[in-house]
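Since the structure is predicted, the reported quantities are computational estimates derived from the model, not experimental observations.
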Amino acid sequence: MRVGYGYDVHRLVENRRLIIGGVDIPFEKGLLGHSDADVLIHAVMDSLLGACALGDIGKHFPDTDDEYKGISSIELLKKTAVLIKEKNYGVVNIDATIIAQKPKMRPYIDKMRENIAFALNIEIDRVNVKATTEEGLGFTGEGFGIAANCVCMVEKIN
């Protein structure tokens, strides 16, 4: 068994869609990034890549490559699933946290879990997603951005 940790953060800006966990969330701002800037999926990907000693998202999907401009992070997560399978690892579980003052994430969490499980071809009960605020403190608490972190466990498969 191996454990991985991932973290991501993106700035909130006007004129962008807010996509978290593969869910398009109605909000007056969206996250700035080369892809769809899905902080949750990026944290999940980095945790999985780290657990398998495969580096990070930037190594496999660089933000300097036009192939990934505007791409759905769910598609990148599917590609990550292939990378970890090629190294003979399977996902045991994922536990992730979204850090955002607004909007409230609770209505979207079940769909986020479904999207992650589907992209990784695992059962939904292996995926947990939580959300928290920072009580108005820091860049997320003041509404300047949204962050996510994730811990995962993988195991060798034959």
Audit row: C152, V91, side chain to side chain contact (heavy atoms under 4.5 Å, CB included) steps and yes/no: CA-CA 8 Å; C152 75; V91 178; 5.5 Å; no
Looking at side-chain heavy atoms only, is the closest gap between [X] and [Y] below 4.5 Å?
{"X": "V9", "Y": "F139", "value": "yes"}
{"X": "L12", "Y": "L31", "value": "yes"}
{"X": "M105", "Y": "P107", "value": "no"}
{"X": "H10", "Y": "I20", "value": "no"}
{"X": "I124", "Y": "E114", "value": "yes"}
{"X": "L120", "Y": "R126", "value": "no"}
{"X": "L18", "Y": "P103", "value": "yes"}
{"X": "L77", "Y": "L48", "value": "yes"}

Say whether [X] and [Y] are linked into one hydrophobic cluster, either directly or through other cluster members, by side-chain heavy-atom distances under 4.5 angstrom.
{"X": "V127", "Y": "V92", "value": "no"}
{"X": "Y89", "Y": "V44", "value": "yes"}
{"X": "L49", "Y": "M153", "value": "no"}
{"X": "I122", "Y": "I109", "value": "yes"}
{"X": "I41", "Y": "L76", "value": "yes"}

Using a 6.0 Å cut-off, check whether atom [atom1] of [X] has over 12 heavy atoms from anything other than its own residue.
{"X": "F144", "atom1": "CZ", "result": "no"}
{"X": "N121", "atom1": "CG", "result": "no"}
{"X": "E28", "atom1": "CD", "result": "yes"}

Smallest separation among heavy atoms of [X] and [Y], with atom names:
{"X": "A119", "Y": "A81", "answer": "O-CB, 3.9 Å"}
{"X": "G22", "Y": "I74", "answer": "CA-CG1, 3.7 Å"}
{"X": "S73", "Y": "M45", "answer": "O-SD, 4.1 Å"}
{"X": "A96", "Y": "L40", "answer": "CB-CD1, 3.5 Å"}
{"X": "V129", "Y": "M112", "answer": "CG1-SD, 4.3 Å"}
{"X": "Y68", "Y": "P62", "answer": "CD1-O, 3.7 Å"}

Does the [X] side chain pair with the main chain of [Y], one donor and one acceptor, at a distance under 3.5 Å?
{"X": "Q101", "Y": "G136", "answer": "yes"}
{"X": "D38", "Y": "G21", "answer": "yes"}
{"X": "R2", "Y": "A51", "answer": "yes"}
{"X": "D56", "Y": "D46", "answer": "no"}
{"X": "K87", "Y": "K156", "answer": "no"}

Worked check of side chain to side chain contact (heavy atoms under 4.5 Å, CB included) between H34 and T64: CA-CA 8 Å; H34 185 69; T64 54; over 6 Å; no
Side-chain hydrophobic cluster, 4.5 Å single linkage: members besides F118: none
Nearest 0.5 angstrom please: [X] [atom1] to [Y] [atom2], how far?
{"X": "D36", "Y": "I19", "atom1": "CG", "atom2": "CD1", "answer": "4.5 Å"}
{"X": "L32", "Y": "R11", "atom1": "CG", "atom2": "CZ", "answer": "7.5 Å"}
{"X": "Y108", "Y": "N115", "atom1": "OH", "atom2": "CG", "answer": "13.5 Å"}

Check: H42/D8 side-chain N/O donor and acceptor closer than 3.5 Å: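 Yes - a donor-acceptor pair under 3.5 Å links their side chains.
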Contact list for residues 127-139, test salt bridge (Lys or Arg N to Asp or Glu O under 4.0 Å), sequence neighbours left out: D95-K130
Qualifying residues under salt bridge (Lys or Arg N to Asp or Glu O under 4.0 Å), relative to E75, sequence neighbours excluded: K78
Side chain to side chain contact (heavy atoms under 4.5 Å, CB included) assessment of L54 paired with T80: CA-CA 10 Å; L54 289 170; T80 300; over 6 Å; no
